[in-house]
Amino acid sequence: VFVYTSFISKLCKDSDMQKASTIFNEMTASGILPDSFAYTTMIDGYCKVRKISKALQYLGRMLKDGMEPSVATYTTLINSNCRIGDMEVAQRLLEKMIGKGLLPDIVAYNTIINGYKNKGDLQKAYELLDMMKSFGVSPDIVTYNTIIHGLVMKGYVAEANDMLDELIRRGFSPDVVTFSTIIGGYSNKGQFAEAFLMWCQMSDCNVRPDVITCSALISGFCRAHRIDEARALFQKMQGFGLNPDLILYNTLIHGFCRSGYMEEAYHLITLMIEDGIVPD
RNA sequence: AAGAGUUGGUAUCACG
């Protein structure tokens with residue numbers, strides 16, 4: 001079950017549910033009984049490719065095998081509903097698991113907080129934050145990152161910055177996601193001085209930028225038609241050993257087109273192909 | 001360097 005499930009898990013992450021289900025069937029055919037992990041992997045895989053009926057089919061098989069959904073199984077289902085924006089169902093699932101005597105863990109809470117955040121309902125996100133604390137579950141850096149992103153999405157980047165200070169005061173270590181989120185927020189608003197300060201604070205914390213950090217900044221530069229700076233950072237990051245990916249190329253190509261640099265945009269396509277990245 | 005679930009970057013019709 002161990003090796004099968006790890007293999008299936010990788011296939012699910014590649015959204016290759018065709019192959020994943022083949023392997024799953026192969027496993028059961030060889031007499032190996034799927035456990036809770038195996039089922040949850042399949043359920044999550046199908047949820048992520050929006051084949052909910054397939055996912056429920058596996059959930060049904062799991063129940064028929066006499067297994068109770070685990071906290072992770074519930075979290076998968078909650079997340080699936082969060083993605084389609086159905087927070088009523090997500091909330092009901094959370095209550096249902098509690099009713100069954102399962103205690104939602106940090107991941108479960110983070111998932112539903114993220115769901116409310118994506119709906120723009122920071123009020124509810126904060127309520128869930130209180131709820132988790134009252135159940136004795138402490139927020140972690142993911143929780144903070146989620147709320148910081150919620151603030152950024154609403155344009156409250158200064159408040160997001162305050163939240164960063166607060167989390168540090170409480171003894172948490174901001175990570176590359178924290179900084180990328182805030183840098184992206186400033187960058188999108190054209191507040192590049194603030195974005196730069198954040199970049200410096202990130203270095204002070206010994207957190208290294210990654211491709212996403214750079215993309216967030218480059219995206220802002222492009223939006224503001226500051227193509228020289230976009231280009232400069234694009235060069236510089238490769239000096240750091242960071243390799244541009246598909247999204248970054250798309251960002252730059254779009255930015256160059258928008259600012260009228262059509263030849264250069266076109267040139268990027270050949271460049272990305274040389275990098276082994278297939279344009280989408 | 002190993003089996004499951006949560007957070008950050010681009011684009012996309014219509015509506016607004």
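Fair warning: this is a prediction, and the values are worked out from it, not measured in the lab. In what follows, chains carry the letters A, B, and so on, assigned in the order in which the sequence lines appear, proteins first and then strands, with residues in each chain numbered from 1.
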* Would you say rA2(B) has OP1 or OP2 under 4.0 Å from some side-chain N or O of K13(A)? -> no
* Asked: Is R231(A) paired with E264(A) through a side-chain N to carboxylate O contact shorter than 4.0 Å?
  -> yes
* Structure fact -> Separation of rG3(B) atom C1' from M27(A) atom CE, nearest Å, is 10 Å
* Regarding N114(A) and T111(A), is there a side-chain donor-to-acceptor distance under 3.5 Å anywhere? -> no
* Asked: Does the side chain of K13(A) come under 3.5 Å of the side chain of S9(A) through a donor N or O and an acceptor N or O?
  -> yes
* Asked: Contact class for V71(A) vs. all strands (heavy atom < 4.0 Å): base, sugar-phosphate, or nothing?
  -> base
* Sugar-phosphate means primed atoms, P, OP1 and OP2; the rest is base. With that split, encode nucleotides 6-16 of chain B 5' to 3' as B, S or - using protein heavy atoms under 4.0 Å. => BBBBBS-----
* **Nearest-angstrom distance from the residue atom CZ of F2(A) to P of rA1(B)** => 16 Å
* Under 4.0 Å between a Lys/Arg side-chain N and an Asp/Glu carboxylate O for R169(A) and E166(A)? -> no
* To do: Remember a base hit wins even if backbone is also touched, and classify T5(A) as base, sugar-phosphate or nothing at under 4.0 Å, heavy atoms.
  => base
* To do: Using distance alone, with no hydrogens and no angle criterion, decide if T73(A) and T76(A) have a side-chain donor and acceptor under 3.5 Å apart.
  => no
* Asked: Checking all strands, does S70(A) fall into the base, sugar-phosphate, or nothing category for heavy-atom contacts under 4.0 angstrom?
  -> base
* Asked: Any chance the side chains of N25(A) and T28(A) put a donor and an acceptor closer than 3.5 Å?
  -> no
